[in-house]
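Report on the structure given below.
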Amino acid sequence: RVPLVESGGGSAQTGGSLRLSCVSSLWPYSERCIGWFRQAPGKEREGVALTVTGGGSTDYASSVEGRFTISQDNAKKVVYLQMNTLNAEDTGMYYCAATIRRRDCGSWSGTGFDYWGQGTQVTVSS
């Protein structure tokens with residue numbers, strides 16, 4: 001069973017919005033760092049947003065701050081990434097990843113995250 005499943009990707013125009021979802025089947029759900037990462041063709045993976053399940057802390061990469069919002073529904077065990085004011089540089093495969101319980105968030109490159117989803121593609125065009 002895949003521990004993290006992403007959905008919500010697709011195509012959007014510049015300035016548009018998309019909301020990604022990451023459903024977790026990890027147990028226990030809480031006290032894990034969950035991050036959204038992306039990778040564009042020919043580029044290295046980069047983190048865009050982090051949160052701790054069951055808590056309220058969030059952190060964002062400077063490239064998305066003010067445009068993206070990470071949130072969660074603890075009852076549904078879902079972490080969302082609301083993406084607004086999209087631009088072409090946001091194009092890429094988006095992944096969610098989680099740490100083992102009670103481990104600090106890994107690096108913005110993804111090192112330290114133990115579980116990964118299969119990704120959902122986001123394409124932004126003008």
Side-chain angles (χ1 to χ4, degrees):
R1 186 177 184 183
V2 179
L4 301 168
V5 178
E6 305 95 335
S7 63
S11 298
Q13 291 191 320
T14 298
S17 299
L18 286 172
R19 188 177 79 158
L20 307 183
S21 300
C22 172
V23 179
S24 172
S25 62
L26 293 168
W27 187 89
Y29 168 77
S30 63
E31 298 181 90
R32 298 178 188 270
C33 183
I34 287 192
W36 281 99
F37 297 81
R38 67 186 182 190
Q39 188 165 21
K43 294 187 177 181
E44 295 197 351
R45 182 177 61 201
E46 61 173 350
V48 295
L50 303 173
T51 191
V52 176
T53 52
S57 63
T58 59
D59 200 4
Y60 298 93
S62 57
S63 59
V64 306
E65 182 121 38
R67 300 188 298 122
F68 289 12
T69 302
I70 189 169
S71 63
Q72 54 185 295
D73 184 328
N74 293 326
K76 295 181 179 179
K77 301 180 183 179
V78 181
V79 176
Y80 301 101
L81 184 68
Q82 177 67 44
M83 307 186 295
N84 298 330
T85 320
L86 289 163
N87 58 58
E89 287 68 42
D90 297 318
T91 294
M93 186 69 79
Y94 282 69
Y95 302 89
C96 67
T99 63
I100 62 174
R101 201 166 182 230
R102 297 175 181 166
R103 172 180 282 177
D104 291 341
C105 289
S107 72
W108 284 103
S109 68
T111 302
F113 286 84
D114 305 279
Y115 305 96
W116 291 82
Q118 295 176 320
T120 185
Q121 177 68 37
V122 171
T123 303
V124 183
S125 57
S126 57

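All values below were derived from every heavy atom in this structure, side-chain atoms included, with hydrogens, water molecules and symmetry-related copies excluded.
One distance of note links SG of Cys33 with CZ of Arg102; it measures 15.0 Å at 0.5 Å rounding. Here the straight-line distance linking atom SG of Cys22 with atom NZ of Lys77 works out to 13.0 Å at 0.5 Å rounding. From Tyr95, atom OH reaches atom OG1 of Thr120 across 10.0 Å, with rounding to the nearest 0.5 Å. Here CZ of Arg19 is found 9.0 Å from OG of Ser7. Values are rounded to the nearest 0.5 Å. From Phe68, atom CZ reaches atom OG of Ser17 across 9.5 Å, with rounding to the nearest 0.5 Å. Note that OG1 of Thr53 and CD of Glu31 are 7.5 Å apart. Values are rounded to the nearest 0.5 Å.
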inquiry  = Using side chain to side chain contact (heavy atoms under 4.5 Å, CB included), reason through Glu6 and Leu20 one step at a time and then give a plain yes or no.
reply    = CA-CA 7 Å; Glu6 305 95 335; Leu20 307 183; over 6 Å; no
side-chain hydrogen bond (donor to acceptor under 3.5 Å, both in side chains) between Thr14 and Asn87, intermediate numbers included = CA-CA 5 Å; Thr14 298; Asn87 58 58; over 6 Å; no
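At a threshold of 4.5 Å between side-chain heavy atoms, the hydrophobic network of Ile, Leu, Val, Met, Phe, Trp and Tyr places Tyr115 and Tyr94 in two separate groups. In terms of hydrophobic clustering, with Ile, Leu, Val, Met, Phe, Trp and Tyr side chains grouped at heavy-atom distances under 4.5 Å, Ile100 and Leu4 are assigned to a common cluster.
Sorted by first and then second residue, the salt bridge (charged side-chain N to carboxylate O under 4.0 Å, His left out) pairs involving residues 78-95 (not counting sequence neighbours) are Arg38-Asp90, Arg67-Asp90.
Using a 4.5 Å heavy-atom cutoff, the side chains of Pro41 and Met93 are not in contact. Within the 4.5 Å cutoff, side-chain heavy atoms of Arg103 are placed close to those of Asp114. Counting heavy atoms from C-beta outward, Phe113 and Ile34 have side chains that stay 4.5 Å or more apart. By the 4.5 Å heavy-atom criterion applied to side chains, Arg101 and Pro28 are counted as neighbours. In this structure, Ile70 and Leu50 have side chains that are not in contact, with every pair of non-hydrogen atoms separated by 4.5 Å or more.
In terms of heavy-atom proximity, Ser109 sits nearest to Phe37 at C-CE2, 4.0 Å. Shown here for Val122 and Met83, the closest heavy-atom pair between the two residues is CG2-CE, 3.8 Å. Across all non-hydrogen atoms, the minimal contact from Trp108 to Ala49 is CZ3-N, 3.7 Å. Smallest separation of non-hydrogen atoms from Trp27 and Arg32: O-NH2, 3.2 Å. Ser30 and Gly54 make their closest contact through CB-CA, 4.5 Å (heavy atoms, listed as atom of the first residue, atom of the second, distance). Shortest non-hydrogen contact noted between Thr99 and Cys105 is CG2-CA, 4.5 Å.
Between the side chain of Gln121 and the backbone N or O of Gly9 there is no donor-acceptor pair closer than 3.5 Å. Formation of a donor-acceptor pair under 3.5 Å by the Ser25 side chain with backbone atoms of Pro3 is found in this model. For the pair Gln72 (side chain) and Val52 (backbone), a donor-acceptor distance under 3.5 Å is present. Although no hydrogens or angles enter the test, the distance criterion places no donor-acceptor pair under 3.5 Å between the side chain of Ser57 and the main chain of Thr51.
Under a 4.5 Å side-chain heavy-atom criterion applied to ILVMFWY residues, the cluster that includes Val78 comprises Val23, Tyr80 as well.
Residues meeting the side-chain contact (heavy atoms from CB on, under 4.5 Å) test with Ser62, sequence neighbours left out: none.
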